Amino acid sequence: MPVTKKQLSGKRVVFGVGGSIAAYKAILLLRRLTDLGADVEVVMTTSACEFITPLTFQTLSGHPVHTNTFNPDDNMAHLRLAENADLILVSPATANLIGRFAQGMADDLLSTIILASHAPLLVVPAMDGGMWQHPLVQQNVKTLRETGVEILDPEFGSLASGHIGWGRFPSEEAIMSSIISLLTMPGDYHDEVVLITAGPTHEAIDPVRYIANRSSGKMGYALAQAAQKRGAQMVLVTGPTSLTPPPGIHTISVTTAEEMRDAVHKHFERATVVIMAAAVADYRPDQPAKTKLKKQGREQVSLALSPTPDILTSLSAQKSGQFMVGFAAETEHLIEEATRKLKAKGLDMIVANDVTKPGAGFGSDTNAAVVLDAHGLVADLPLMPKREMATKLLDLIRIRLNQQK
Ligand code: C5P
């Protein structure tokens, strides 16, 4: 009988197991992974060994289980595991593990492997709902997500503590589907140089005040990270945001619309895809004051504004095959406005969102949008996490790039 290749054949997974009662579920996941042909090496934390014995994982994985950084028989295990992994999975991940990863600690074998590896990292948290919602845990989760770590959200349901609430360990199906999508992620942007803008711009009124908007930069950063994972060579031009520059991405920080235009023009020629997700100020104060403006009693004051350069329009004039995508944040007449901007700015595609809709506005972690091109509506994307929307937008762009070839 011919041997059929399994879905995860040839894929190497480092499977980190933390000290939670959900450690027993790691056994079932390990079975699923090996059944699909993955080569899995298990790394257990000291507290994980309190819940399950390493022998169980050793038997199922067919490899010795790693529990100690200082193993005289395999003292380079951390580097070997880090370099060879196609994916590092940490499941279950305790609040303690998430905190240590977020701090960049390397005080045991699992955390050392994570720092030494460039492989995608998938973290499946397991803790009581109250702990998960603690601001410090949420801060650590945010830090990790901003550096490109995939973290599954706990689900709602009955908890090991007997309570009902958020904090339930994600279903095996949800975990497996994330693992499979990370391990089979298409490298379909390998040949592309993708230039993305993100965030707002700040236009000075005087040395202490500026005009800005509510853009957080999250959509642009999510697009940059998604394109990087699919093999793109990335340039991210970012206005002022509170986000951490994604590791491995060439990131240029700018403040004003003019600085953004200059940075974008500098990299435009070698780009094959340009995605302008930044909310660039349309106007800037005419003559920013050199010194702080004094309060004028109760009198009204007015500020003279001049238009900023429209970056997309100036790029379109120099276009030499780049696929150009713009964004349109609207509060009314979404389709009409987006269609007008698509034409006026010479775009190949536009992503329009109604920022008055709950969850689709600036600053949120989710977005809902319609995507249009010269032929009309391409896709109507319902409310979803910005990371997911980034993937869907890159899929749509990829289809069009393939058609152009
Ligand atoms: O005209 P409006 O600002 O609504 O257009 C939005 C799109 O145009 C976004 O993709 C934004 O990044 C881009 N834009 C630009 N230069 C500006 C203003 C906006 O390229 N000065």
Side-chain angles (χ1 to χ4, degrees), residues 194-204 210-224 227 235-241 243 251-268 271 273-286 305-319 322-357 360-363 367 369-374 378 381 386 389-390 393-394 396-397 400:
V194 181
L195 172 58
I196 295 181
T197 65
T201 64
H202 288 181
E203 311 298 331
Y210 55 81
I211 297 179
N213 57 64
R214 296 181 199 279
S215 168
S216 63
K218 286 178 186 168
M219 192 67 239
Y221 277 59
L223 280 161
V235 180
L236 173 65
V237 177
T238 175
T241 73
L243 305 175
T251 305
I252 302 160
S253 296
V254 297
T255 305
T256 64
E258 279 191 26
E259 286 171 14
M260 186 171 275
R261 178 200 56 193
D262 294 348
V264 166
H265 274 267
K266 197 164 158 206
H267 293 275
F268 182 62
V273 178
V274 178
I275 309 177
M276 284 282 301
V280 187
D282 291 320
Y283 293 93
R284 64 181 170 81
D286 237 350
L305 301 175
S306 350
T308 57
D310 193 288
I311 304 171
L312 274 174
T313 309
S314 64
L315 291 175
S316 299
Q318 299 180 9
K319 199 170 156 179
Q322 291 86 348
F323 190 88
M324 309 255 294
V325 183
F327 272 68
E330 305 296 340
T331 54
E332 53 185 355
H333 312 306
L334 186 66
I335 306 273
E336 294 84 337
E337 275 303 300
T339 309
R340 186 183 63 72
K341 285 178 187 175
L342 179 89
K343 288 199 186 111
K345 293 174 192 257
L347 302 176
D348 297 294
M349 189 181 269
I350 193 156
V351 184
N353 59 339
D354 179 346
V355 287
T356 62
K357 272 196 191 159
F362 284 149
N367 205 357
V370 290
V371 184
L372 306 164
D373 69 7
V378 171
L381 303 174
K386 283 181 175 167
M389 182 162 291
L393 293 175
L394 291 178
L396 292 171
I397 295 169
R400 272 151 192 81

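For clarity, every value in this text was computed on a predicted model and none was experimentally measured. We count ligands from 1, going down the list as the structure has it; atoms in each ligand are counted the same way.
No donor-acceptor pair under 3.5 Å is formed between the side chain of T313 and the backbone N or O of K345. With hydrogens and angles ignored, the 3.5 Å screen pairs a side-chain donor or acceptor of Q322 with a backbone N or O of F268. At distances below 3.5 Å, at least one donor-acceptor pair connects side-chain atoms of N213 with backbone N or O atoms of A279. A donor-acceptor pair under 3.5 Å is formed between the side chain of D354 and the backbone N or O of T356. Side chain of D373 to main chain of D348: no donor-acceptor pair is present (N/O by atom type, distance under 3.5 Å, no hydrogens or angles).
Protein neighbours of ligand 1 below 4.0 Å, counting non-hydrogen atoms: M276, A278, V280, A281, D282, T308, P309, D310, I311, L312, G326, F327, K341, K345.
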Name every donor-acceptor pair, under 3.5 Å, that has one atom in a side chain of residues 256-263 and the other anywhere in the protein, sequence neighbours excluded.
| from | atom 1 | to | atom 2 | distance (Å) |
| --- | --- | --- | --- | --- |
| T256 | OG1 | E259 | N | 3.1 |
| E258 | OE2 | R284 | NH2 | 3.2 |
| E259 | OE1 | T255 | N | 2.7 |

